[in-house]
Amino acid sequence: MANIIKIKTPLTDDVVYQLKSGDSVLITGVMYTGRDAAHKRMIDALNRGEKLPFDIQGQIIYYVGPSPAKPGKPIGSAGPTTSYRMDAYAPTLIKLGLKGMVGKGWRAKEVIDACIKYKAIYFGATGGAGALIARSIKKAEIIAYEDLGPEAVRRIEVVDFPAIVINDVYGNDLYVKGVEQYKQI
Amino acid sequence: MREINAKQITDAVSDLCGKANFDIPEDVMNVLRKAYDEEVSPQGKDVLKQIIDNDEIAHNEQVPMCQDTGLAVFFVELGQDVHITGSLLNDAINEGVRKGYKDGYLRKSTCNPFTRKNVGDNTPSIIHVEVVAGDKIKLTMAAKGGGSENMSRVMMMKPSDGLEGIKKYIIDRVRESGSNPCPPVIVGVGIGGTFERSALIAKKSLLRPLNVQNPDPELDKLEKELLASINKLGIGPMGLGGRTTALGVHVIVEPCHIASLPLAVNIQCHSARHKEITI
Ligand code: SF4
């Protein structure tokens, strides 16, 4: 396996430039959760001239709708959801300063282009590994849209959250490269 | 006539919802372990290791292996000598889902299609009932996640497309799904029937354990051929590249209309959760 790079949030351009498609990373710091419904609300808020529920500069959004926390645990199972459903909203957020997204599955060209233009990274996490990934989430707190239940925006504190760089700022795409390397038909 | 109280069904369903989400079926785990041993891509191997570790944690701690604890899909085999008392069968099942998803700390994922407002208790569940001989009820619960369900399709093929057209459609479906449905996947295929019947048998085919062969030798051959082709696509675990794109392909075939060739491909992620109980 390639070297594992440890990174801290918020992400700076220096760190972002250093990351290459295929790098394994361990993320430590604060991330924000959001998926379909939360993204729609955030973009609606921007369209009305309102502010986002958190300062997005340098931040990472994790596409996840966790299961409920058992008593004494910060969060339930918390693996990534499929990212293409956020493609309609992501470029706007990247333009505003979002530096990273964690999810699973390929992104639209608009998102990949925005990553190159505004220097952001798309990370993949292992879908269906929600129980394992939850171990790296130490704290979770709902900061917006509580009525959305699992889809509410949460501020989470993570230590060594495992992910892999899919789309870097140089236009590389691990989903394309990886498949090319192993395909036999 | 044997009487079964609805309460018994509710309790059994509640229990099934938890167990299905916490305990990966042994046949799936065995195939995942074998895939881990055989995968040639380092990144693919790493993903398989995470999945295996994850499923062990879920089992040991009795937590959901995946946060998407799915829509609750039920296949009910209802003995025709059973009389259910106390409430309707569907109500008894939905009550069990309500309880099971609450008590098991499972995610509630049903919502209004337009407003997207969460229903809040993961009902209604999806219930398929078949009346069979006998005086028992067999309940099979499958927790079906959205990621892999979204990659599924029903295609009304032309009869002239034939078997070759069918094979191509299935392989293309897996290729186009790429990393989205959390590969390695299990591919459920329904051929024949009507539009809705093909989808139902595709889903039903996924209930067959991975270590049980298709009883029809021709279909067994077809399944193995499709699996070999799919695993040459290079998608690999989580789409990062590799040889393990699918763990199995299951096919059910039924007669269809002389004008039609319905084909359904139901993609199931590695989080292949189902459990059954007989009352
Ligand atoms: S596709 Fe399956 S494993 Fe992946 S997130 Fe959905 S339910 Fe979980």
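Keep in mind that the numbers below use all heavy atoms, side chains included, and drop hydrogens, waters and symmetry copies. Letters A, B, ... are given to chains in the order of the sequence lines, protein chains preceding strands, and every chain is numbered from 1.
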| task | Please assess B/Thr245 against A/Tyr182 for the test side-chain contact (heavy atoms from CB on, under 4.5 Å), listing each intermediate value before the final yes or no. | result | CA-CA 11 Å; B/Thr245 301; A/Tyr182 292 98; over 6 Å; no
| query | Which pair of heavy atoms, one from B/Gly239 and one from A/Val179, lies closest together, and at what distance? | reply | O-CG2, 4.2 Å
| said: Using a 6.0 Å cut-off, check whether atom NZ of B/Lys99 has over 12 heavy atoms from anything other than its own residue. | reply: no
| note | Turns out that what part of B/Ser109 lies under 4.5 Å from chain A's heavy atoms comes down to neither
| said: A/Lys70 vs B/Val63, test: side-chain contact (heavy atoms from CB on, under 4.5 Å). Steps then yes/no. | reply: CA-CA 9 Å; A/Lys70 272 189 166 180; B/Val63 295; 4.0 Å; yes
| request: Nearest 0.5 Å please: distance from the CE atom of B/Met238 over to the OG1 atom of A/Thr126. | output: 6.0 Å
| task | Quick one: which of B/Cys182, B/Gly236, B/Pro181 has the most heavy-atom pairs under 4.5 Å with chain A, could you say? | result | B/Cys182
| Contacting region of A/Ala134 [heavy-atom separation from chain B under 4.5 Å] | neither
| message | Using a 4.5 angstrom heavy-atom cutoff, name the option from B/Thr69, B/Leu233, B/Asn118, B/Ile235 with the most pairs to chain A. | response | B/Leu233
| field | Rounded distance [0.5 Å steps], CG in B/Asp46 versus CD1 in A/Ile4 | value | 7.0 Å
| For B/Leu106, is it the side chain, the backbone, both or neither that has a heavy atom under 4.5 Å from a heavy atom of chain A? | backbone
| field | Greatest number of heavy atom pairs closer than 4.5 Å to chain A - which of B/Arg243, B/Lys117, B/Arg116 | value | B/Arg243
| Per-residue contacts, residues 19-35 of chain B versus chain A, heavy atoms under 4.5 Å | none
| said: Would you say that more than 12 heavy atoms from the other residues, nucleotides or ligands in this model lie under 6.0 Å from the CD of A/Gln184, or not? | reply: yes
| task | Check whether B/Asp68 gets within reach of chain A through its side chain, its backbone, both or neither, counting any heavy atom under 4.5 Å. | result | neither
| A/Ser67 side chain to B/Gln67 side chain, donor-acceptor N/O pair below 3.5 angstrom | no
| message | Tell me every residue that passes side-chain hydrogen bond (donor to acceptor under 3.5 Å, both in side chains) with B/Asp55, counting only those two or more places apart in sequence or in another chain. | response | none
| B/Lys49 atom NZ, over 12 foreign heavy atoms within 6.0 Å | no
| said: Looking at B/Arg107 and A/Gly65, would you say the former's side chain and the latter's main chain have a donor-acceptor pair under 3.5 Å? | reply: yes
| Taking every non-hydrogen atom, the tightest pair across B/Tyr105 and A/Ala69 | CD2-O, 3.3 Å
| remark: The reported gap from CG in A/Leu132 to CG in B/Asp53 (rounded to nearest 0.5 angstrom) is 6.0 Å
| Options A/Pro80, A/Gly103, A/Gly178, ranked by heavy-atom pairs under 4.5 Å with chain B, top entry | A/Gly178
| Of the backbone (N, CA, C, O) and the side chain (C-beta and beyond), which part of B/Lys108 lies under 4.5 Å from a heavy atom of chain A, both, or neither? | both
| field | Rounded distance (nearest 0.5 Å) linking atom OG of B/Ser179 with atom NZ of A/Lys104 | value | 8.0 Å
| field | Lys/Arg N to Asp/Glu carboxylate O, B/Glu61 vs A/Arg135, below 4.0 Å | value | yes
| task | Heavy atoms only, distances under 4.5 angstrom: which of B/Gly147, B/Cys269, B/Pro64, B/Ser271 has the most pairs with chain A? Name it, please. | result | B/Pro64
| remark: One option among A/Gly130, A/Ala129, A/Ala78 has the most heavy-atom pairs under 4.5 Å with chain B, and it is A/Ala129
| chain B heavy atoms under 4.5 Å from A/Lys177: which part of the residue, side chain, backbone, both or neither? | neither
| request: Give, for atom OH of A/Tyr175 and atom CG of B/Leu240, the distance between the pair rounded to the nearest 0.5 Å. | output: 6.0 Å
| request: Please report the shortest heavy-atom distance between B/Gln43 and A/Ile164, naming the atom on each side. | output: NE2-CD1, 3.4 Å
| message | Donor-acceptor check, side chain of B/Asn54 to backbone of A/Gly128, threshold 3.5 angstrom: yes or no? | response | yes
